[in-house]
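Reviewing the structure listed below.
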Amino acid sequence: MKQFAIEPMFGSGGWELAGYNIAFTNSALWMLIATVLLWAFVAGGMKRQLVPGRWQMMVETFTGFIDDMLEANVGKEGRKYVPYIFSLFMFILFANLLGLLPIGIFGLHPFTFTSHFTVTGVLAILSFSIVLAVGFWKHGLHFFSLFVPHGTPLWLIWLIPVIELISFLVRPFSLALRLFVAMMAGHVLLKVLASFVIDSVNAGAMFGGFIGVPSLVLMVAISALEILVAGIQAYVFALLTSLYINDAENLH
């Protein structure tokens with residue numbers, strides 16, 4: 001499926017460095033577009049007017065939403081993580097919404113880079129690394145007590161830490177997999193329905209009426225649902241990251 005194909009933007013195969021291809025791809029391009037849009041979005045709301053305009057109100061609404069989420073999950077200590085969680089949430093949100101554009105920008109076909117596990121995996125590993133850094137910085141080796149829940153019976157000391165460690169190490173994988181699967185599945189479904197519409201129209205008026213029209217209506221409905229999913233997945237990623245940070249900050 002071409003919409004998931006990663007292709008170099010300049011030249012036939014990109015550049016080689018120490019045996020590795022470092023081509024600037026369509027995935028990297030749309031990451032750059034999402035980053036620029038995020039920067040412009042924040043910059044537009046940094047005017048600090050006494051009577052805030054709509055743009056400033058929108059930015060403050062999102063930052064307030066993230067601040068409230070971190071305070072609820074982490075406490076007052078969570079305020080210092082607002083810039084990172086806000087950037088993470090908005091970057092994923094912009095990425096998901098850009099991939100749903102029905103038309104290209106400047107002739108570029110929209111590309112949903114969050115439908116690639118390598119991208120969501122890097123975001124998850126980055127968040128997981130912050131959790132580890134905070135945990136060891138604040139608690140030192142006592143951070144390992146996270147794997148021995150309070151009240152664990154002595155006869156289960158040999159088993160519970162192993163289960164907790166495996167569960168802890170699986171977190172970045174599940175975090176990345178959830179976003180990747182949600183975005184890829186939605187786009188695959190839209191692609192299948194689009195092929196039904198095109199093939200039924202080419203097959204004639206009868207097929208177009210009985211198959212093409214219902215497929216088109218369902219495609220429009222699922223596109224609207226995908227907009228909702230784009231926001232939900234960005235929120236879930238940010239929420240779970242804040243919960244993991246809470247484990248590192250408020251270790252008991």
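It should be emphasised that the depicted structure is a prediction, and the values quoted were computed from it without experimental measurement.
Taking the six-membered ring for Trp and the full ring otherwise, Phe128 and Phe168 have centroids separated by under 6.0 Å. For an aromatic pair to be called close, the ring centres must be under 6.0 Å apart, and Phe173 with Phe117 satisfies this.
You'll find the side chain of Phe237 reaches within 4.5 Å of the side chain of Ser127, heavy atoms only. Using a 4.5 Å heavy-atom cutoff, the side chains of Ile85 and Ile245 are in contact. The shortest distance between side-chain heavy atoms of Thr114 and Gln233 does not fall below 4.5 Å. Contact check for Phe147 versus Ile163: no side-chain heavy atoms found under the 4.5 Å cut-off. Side chains of Ser27 and Phe111 form a contact here, defined as non-hydrogen atoms less than 4.5 Å apart. Residues Tyr235 and Phe65 have side chains in contact (heavy-atom distance under 4.5 Å, counting atoms from C-beta outward).
Without hydrogens or angle criteria, Trp55 side chain to Ala43 main chain gives no donor-acceptor distance under 3.5 Å.
Listed by chain and residue number, Ser242 satisfy the side chain to side chain donor-acceptor pair (under 3.5 Å) test with Asn73 (two or more places apart in sequence, or in another chain). Taking Glu71 as the reference, Lys76 meet the salt bridge (charged side-chain N to carboxylate O under 4.0 Å, His left out) condition, with sequence neighbours excluded.
In this structure, a donor-acceptor pair under 3.5 Å is absent between the side chains of Tyr81 and Thr241. Side-chain contact check for Thr112 and His187: at least one donor-acceptor pair (N or O, by modelled atom type) lies under 3.5 Å.
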